[in-house]
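Only one structure is covered here, and it is reproduced in the block below.
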Amino acid sequence: MSLYNSHAKVMTSLVVMIFATGLLVGGLTLFFVTVTDDSNSGLHTQIAGLQAQVSELEGFQNATYQNITIYQDDTALIEIYANVKDSVVLVQGITRDGSVQGSGFVYTYQKQNVVITNYHVVQGAANLSVTFQNGNGYSATVLGSDPYADLAVVSVDAPAAEFKPLQIASSSTLRVGEQVIAIGNPYGLIGTLTPGVISALGRTIVENTTNRFSIANVIQTSTPINPGNSGGPLLNAAGEVIGITTAILSDSQGLAFAIPSNTILREIGALITTGSYSGHSYLGVNGNDMNYNVAQQMGSSVTYGWRIVSIVNGGPSDGKLQAGDIIIALNGVKIKNNDDLVSYLEEKTLPGQSVNITVIRNNASTSVTVVLKERPAPTT
């Protein structure tokens, strides 16, 4: 249904309601004239009932009007787009497989203007360039990247006047249901805006660049994302960056993912100054989620947690954890599944730190201390 038709139907309903209210009020007035001198208490009761109906109709009328105001209030989206469109750029390059393109956005870190995008957009790309909303294009160079977070920071050889930086907000306070918008260049269509909502938080995804390691705390959104959107900003209602669009599921409808802004804020300093990020903790285990059916098959006493299938030889958990152990807590924080496990390790720990792991082993709870290591370097 088109926006115009939706508005027309709501307005028609509103007119009908106002008309009905008028008829009812008019009838009520006539009814008062007729029964003013009547002492029948039953009639007074009926009058009170009609008054209540009028109040309900007036309340419905007001609520309908308020809903129309909210639904028709596209001013906010228009203003957000006008304020941020010049900050979203087209990133292009050439690989051995052909040309690549994606999106990015301008950010200022300690007075240095950079463009933030996805690692997979610039991976292996030569002749890298960035084109601004006004059509001006410039050569670009990758300053730093992190395949494990699908992040890259790009330096652009452009005049200072071209850079209109966005603000990055914390993603810690995001809630499911919040309205968000994405701006990017799907299929090369520069400056495309798509709205949606946050449909889930704390997801984990695995991309081709991550060596089967999970990207943690990913934002799931209903905002339509298409090839070419990758690297563009996901914005809140204030026009602040709360994520960077990164992936879609093939054949899905209304399901897309974004790297949270906290990951950007945590890594950008290292990416700019050292060219990489080394803060991903590594436990050195492989496994899968527990559930009721698995617990029944195993005869397990718990139906949640993360069951270890194998231990990496020489890894941090070698000799500490065992295949068959079910991780149910890290440092006292409940772990229900892989999302919880990966998100905790990414957000709350660093390589070299010790973590107290509560596991179910042979249907008994036990605690194990493991000193975390840094993830192995990704293969290219």
Side-chain angles (χ1 to χ4, degrees), residues 102-105 116-121 123 145-153 168-184 186 194-236 240-268 271 277 279-283 287-289 306 330 333 335-349 375 378:
S103 304
F105 63 91
I116 300 175
T117 186
N118 284 142
Y119 170 76
H120 76 259
V121 171
Q123 181 185 13
S145 62
D146 178 14
Y148 288 142
D150 199 11
L151 285 179
V153 180
I168 299 180
S170 171
S171 53
S172 298
T173 59
L174 295 178
R175 296 178 298 173
V176 173
E178 286 189 39
Q179 295 181 342
V180 292
I181 64 172
I183 300 179
T194 52
V197 299
I198 295 174
S199 53
L201 294 167
R203 298 299 198 204
T204 57
I205 60 173
V206 177
E207 297 185 354
N208 294 334
T209 64
T210 61
N211 281 10
R212 297 173 57 190
F213 285 102
S214 298
I215 301 176
N217 273 341
V218 172
I219 301 167
Q220 179 182 308
T221 174
S222 65
T223 306
I225 301 296
N226 293 286
N229 269 113
S230 292
L234 187 70
L235 306 163
N236 61 17
E240 300 166 323
V241 177
I242 49 90
I244 177 171
T245 56
T246 185
I248 55 176
L249 292 180
S250 60
D251 300 324
S252 70
Q253 295 184 2
L255 192 62
F257 300 97
I259 305 301
S261 56
N262 279 4
T263 301
I264 303 172
L265 293 171
R266 184 168 58 247
E267 296 194 15
I268 189 167
L271 295 181
Y277 179 75
H280 299 293
S281 296
Y282 177 56
L283 191 56
N288 48 47
D289 289 346
W306 195 78
L330 294 180
V333 177
I335 300 298
K336 301 186 299 294
N337 49 34
N338 181 67
D339 287 352
D340 288 352
L341 177 66
V342 175
S343 294
Y344 186 91
L345 290 174
E346 185 69 15
E347 289 279 343
K348 306 296 184 181
T349 69
R375 282 185 185 177

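We count residues from 1, following the sequence as given.
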Trace of the side-chain contact (heavy atoms from CB on, under 4.5 Å) decision for Y282 with F213: CA-CA 10 Å; Y282 177 56; F213 285 102; 3.7 Å; yes
Rounded distance (nearest 0.5 Å) linking atom CG of N118 with atom OG1 of T246: 4.0 Å
Spacing of OG belonging to S343 relative to CG belonging to N337, to within rounding of 0.5 Å: 8.5 Å
Flag, side chain of D289 to backbone of N338, donor-acceptor distance under 3.5 Å: yes
Minimum heavy-atom distance E178-T173, with the two atoms named: OE2-O, 3.6 Å
Residues T349, Y344; criterion side-chain contact (heavy atoms from CB on, under 4.5 Å); working and verdict: CA-CA 7 Å; T349 69; Y344 186 91; 3.9 Å; yes
Nearest non-hydrogen partners of A182 and L234, listed with the distance: CB-CD1, 4.1 Å
Sub-4.5 Å side-chain heavy-atom contact between T245 and S103: no
Between CG on residue L174 and CD1 on residue I242, distance to nearest 0.5 Å: 5.0 Å
Gap separating the OG atom of S261 from the CD1 atom of I268, nearest 0.5 angstrom: 11.5 Å
Shortest non-hydrogen separation from L265 to A169 and the atoms involved: CD1-O, 4.3 Å
Distance, nearest 0.5 Å, that separates OG of S145 from CD of E267: 10.0 Å
4.5 Å side-chain heavy-atom contact, I183 and F105: no
Flag for N262-S172: side-chain donor and acceptor within less than 3.5 Å: yes
Side-chain touch L235/V241, heavy atoms, less than 4.5 angstrom: yes
Any D146 side-chain heavy atom under 4.5 Å of H280 side chain: yes
Separation of Q179 CD from I198 CD1 (nearest 0.5 Å): 10.5 Å
V180: which of T223, T194, I219, V197 passes side chain to side chain contact (heavy atoms under 4.5 Å, CB included): T223
Cation-pi, F257 ring and R203 (6.0 angstrom, 45 degrees): no
Residue list, salt bridge (Lys or Arg N to Asp or Glu O under 4.0 Å) with K336, at least two apart or on another chain: D340
Closest non-hydrogen atom pair, S222 against G196: OG-CA, 3.5 Å
Short side-chain donor-acceptor distance under 3.5 Å, N217 and E346: no
Shortest non-hydrogen contact from I168 toward I116: CD1-CD1, 4.2 Å
Q220 side chain near L255 side chain, heavy-atom distance below 4.5 Å: yes
Nearest heavy-atom neighbours spanning I225 and A256: CG1-CB, 3.3 Å
